[in-house]
Number of protein chains: 2
Amino acid sequence: MAEKEVIKTVTIKDIAERAGVSFSTVSKALRNSPLVQEKTKLKVLRIAEEMGYQPNIAARRLVSKKSWAIGFVWPSVERATTGALMTLINEKLEERSYTTLLSINRIESAIAAFHRFQVDAIFIFYNHDEKVPPDYSYNTNIPILVYGVAGHVPYPTIDVRRDQATKLAVEHLYELGHRNIAYIGQPVRYDLLQEEKIRKFREEGERLGLKHIIAPVENMETHSGYLAAKQILQHKDDRPTAIVSGSYDLTRGILQAAQELKLSVPEQLSIVSYDNIPQSANLEVPLTTVGVELSSIADKATETLLHLVDEESVPDAIYMEPELTLRRSTAPPAAR
Amino acid sequence: MAEKEVIKTVTIKDIAERAGVSFSTVSKALRNSPLVQEKTKLKVLRIAEEMGYQPNIAARRLVSKKSWAIGFVWPSVERATTGALMTLINEKLEERSYTTLLSINRIESAIAAFHRFQVDAIFIFYNHDEKVPPDYSYNTNIPILVYGVAGHVPYPTIDVRRDQATKLAVEHLYELGHRNIAYIGQPVRYDLLQEEKIRKFREEGERLGLKHIIAPVENMETHSGYLAAKQILQHKDDRPTAIVSGSYDLTRGILQAAQELKLSVPEQLSIVSYDNIPQSANLEVPLTTVGVELSSIADKATETLLHLVDEESVPDAIYMEPELTLRRSTAPPAAR
DNA sequence: CTGTTAGCGCGTTCAA
DNA sequence: TTGAACGCGCTAACAG
């Protein structure tokens with residue numbers, strides 16, 4: 001009989017028997033209820049420890065109606081910024097002893113899965129490739145929080161004042177003395193997030209009487225930023241002295257282009273990048289950015305999610321105010 | 001009646017009431033038991049659909065000791081290939097009525113979370129950035145299947161004969177007449193998967209007496225492939241006539257570089273790409289690839305996972321044999 | 001074929 | 001302060 005001993009999962013009943021109390025007393029002791037004597041509590045805890053007790057989450061969830069899990073719908077896995085944000089929120093939720101579950105499926109089916117797991121709340125990184133009727137509501141009663149697209153979905157949202165960010169960027173460059181600037185971003189109609197930034201760029205450019213051109217990109221990948229920058233910066237004569245970049249990923253491409261064209265940043269080319277993510281500070285040329293610090297977004301998102309879990313009311317739309325972070329990628333334009 | 005109502009979570013009891021049957025009949029019907037009349041089954045299914053029913057996994061797990069859920073540890077979220085593979089496996093498991101859960105956490109903590117959710121099995125996309133002692137074993141009794149790194153972990157693995165793939169690629173190019181070829185990939189020591197491919201490239205190059213150079217990349221992103229290709233292809237004189245690319249992502253970058261240098265593929269440059277994913281066929285120039293068709297890997301992985309769930313024994317290491325898929329990105333070298 | 005009954009492990013009444 | 005009883009939503013026996 002060299003048979004491996006089958007380790008039976010230990011339940012509160014086993015502990016109760018061993019401790020000589022009823023299992024409901026054990027339950028209370030483990031949850032640190034004030035309704036048990038300190039002495040018994042300690043005894044129970046010690047025995048539970050000894051026996052290697054692990055609570056059965058399924059059972060706990062079944063009766064308490066709480067899973068201590070939060071689901072994330074994250075279809076656009078490729079963007080550096082959402083990845084970093086996701087990671088931060090995940091950490092913060094872990095501190096509050098929540099588990100994070102992820103789905104890369106279409107929103108609909110992701111929600112169905114989370115529904116089966118009875119998660120306590122759902123956070124959606126809105127996917128702009130997925131065309132959903134603006135007022136579409138999903139078939140679940142689990143509270144939902146959406147990132148971006150404030151005002152376009154029937155759920156609470158958390159969002160950044162993107163137009164304000166663009167304004168900060170342009171003003172900063174204007175004050176440095178730049179009069180010929182470019183915007184590299186994605187002017188695709190259905191991507192509301194990008195469009196807002198560009199609209200403001202145009203407005204500000206006109207208000208301040210600047211030469212302002214917009215370089216479209218096909219998508220938000222690094223290489224697209226590279227191509228757009230390459231094109232803009234090629235003509236030596238009338239080259240913009242500064243670029244506002246629509247995202248961190250694009251900026252990496254722009255830097256690549258600058259390097260290849262032997263344009264030094266910031267001496268010959270200033271860059272203000274959207275998205276204030278930690279990586280921004282670690283590039284060879286630390287980036288001057290406009291945006292909301294990612295960790296404050298994460299804080300706000302976490303807090304709001306927990307409010308939703310507790311069925312407290314939250315605002316329909318939470319707007320975060322962006323700020324300008326000066327680093328080393330901007331300077332006055334070189335004298336001609 | 002296209003309207004779906006969502007007030008509270010709907011349970012089998014709700015369905016039972018609405019359908020005028022007992023809740024155990026509903027349970028059977030939903031699980032497609034032969035013990036219910038076809039007619040009632042259909043009726044129940046229809047009503048469940050209408051009411052937006054989702055089974056409560058916690059309850060199911062509590063009684064049946066099975067959660068019908070499988071956890072995926074997927075720390076390297078950014079690669080196109082793993083993403084596509086993930087999606088395929090997910091679909092196949094859904095067909096078998098399993099739900100998949102995803103975690104992007106570090107392997108350790110992902111496993112802890114899955115443990116608490118009592119998933120039936122865990123699939124790990126091994127993360128090569130995460131240094132783990134080769135024989136490290138995780139603290140769980142849930143069965144684990146690992147993708148890649150066969151022979152390096154104390155769990156069953158599923159893997160591709162990567163060296164064989166490289167060999168196929170080189171031989172194919174040799175037969176077409178190429179005598180000067182390059183490899184673009186990631187020769188980073190700790191990434192066993194990449195190293196294997198490169199070692200074989202060197203071997204084969206020598207065996208066949210070819211001029212063979214290796215262009216290192218910093219990471220597996222598209223842009224890195226672009227940079228490496230750009231560098232290799234710049235010198236007009238001694239330019240390689242063919243490139244073996246270490247991954248689909250890199251290949252996209254290589255194609256961008258070729259386009260920019262006005263090198264037509266395959267007339268002036270042949271490319272064999274690792275990773276046979278569906279997208280390979282859809283590029284402007286459909287790619288000749290070496291590798292195992294993703295859907296067979298997915299099939300094998302799914303099947304093996306289900307074996308593990310059923311406590312059937314599985315081999316320590318499953319190797320998949322790669323094959324050459326001829327498309328349009330390779331041709332004989334242009335006459336000089 | 002269908003309904004009834006009995007738990008799964010746990011938290012929460014309500015009595016004692 | 002403790003314990004007995006109930007039920008969460010579901011599956012699996014067992015009766016009808």
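Below, read A as the first sequence line, B as the second, and so on, with proteins coming before strands; counting in each chain starts at 1. Remember, it's a predicted structure, so these values are computed and weren't measured experimentally. What's counted below: heavy atoms across the whole structure, side chains too, no hydrogens, waters or symmetry copies.
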Review point. Can you say whether the rings of B:Phe72 and B:Phe123 are parallel (under 30°), tilted (30 to 60°) or perpendicular (over 60°)?
Key: tilted

**Study point:** Rounded distance in Å - NZ (A:Lys41) to P (D:dG3)
**Key:** 15 Å

Check your understanding: Can you say whether the rings of B:Tyr138 and B:Tyr155 are parallel (under 30°), tilted (30 to 60°) or perpendicular (over 60°)?
Key -> parallel

Revision key, fill the gap. Nucleotide by nucleotide, nucleotides 7-16 of chain D touches protein heavy atoms under 4.0 Å in the pattern (B base, S sugar-phosphate only, - none) BBBBBBB---

Check your understanding: Taking C-beta and beyond as the side chain, do B:Asn276 and B:Leu294 meet within less than 4.5 Å on heavy atoms?
Key -> no

Check your understanding: So, are A:Arg18 and A:Glu50 salt-bridged, with charged N and O less than 4.0 Å apart?
Key -> yes

Check your understanding: Is it true that the side chains of A:Asn139 and A:Glu108 contain a donor and an acceptor less than 3.5 Å apart?
Key -> no

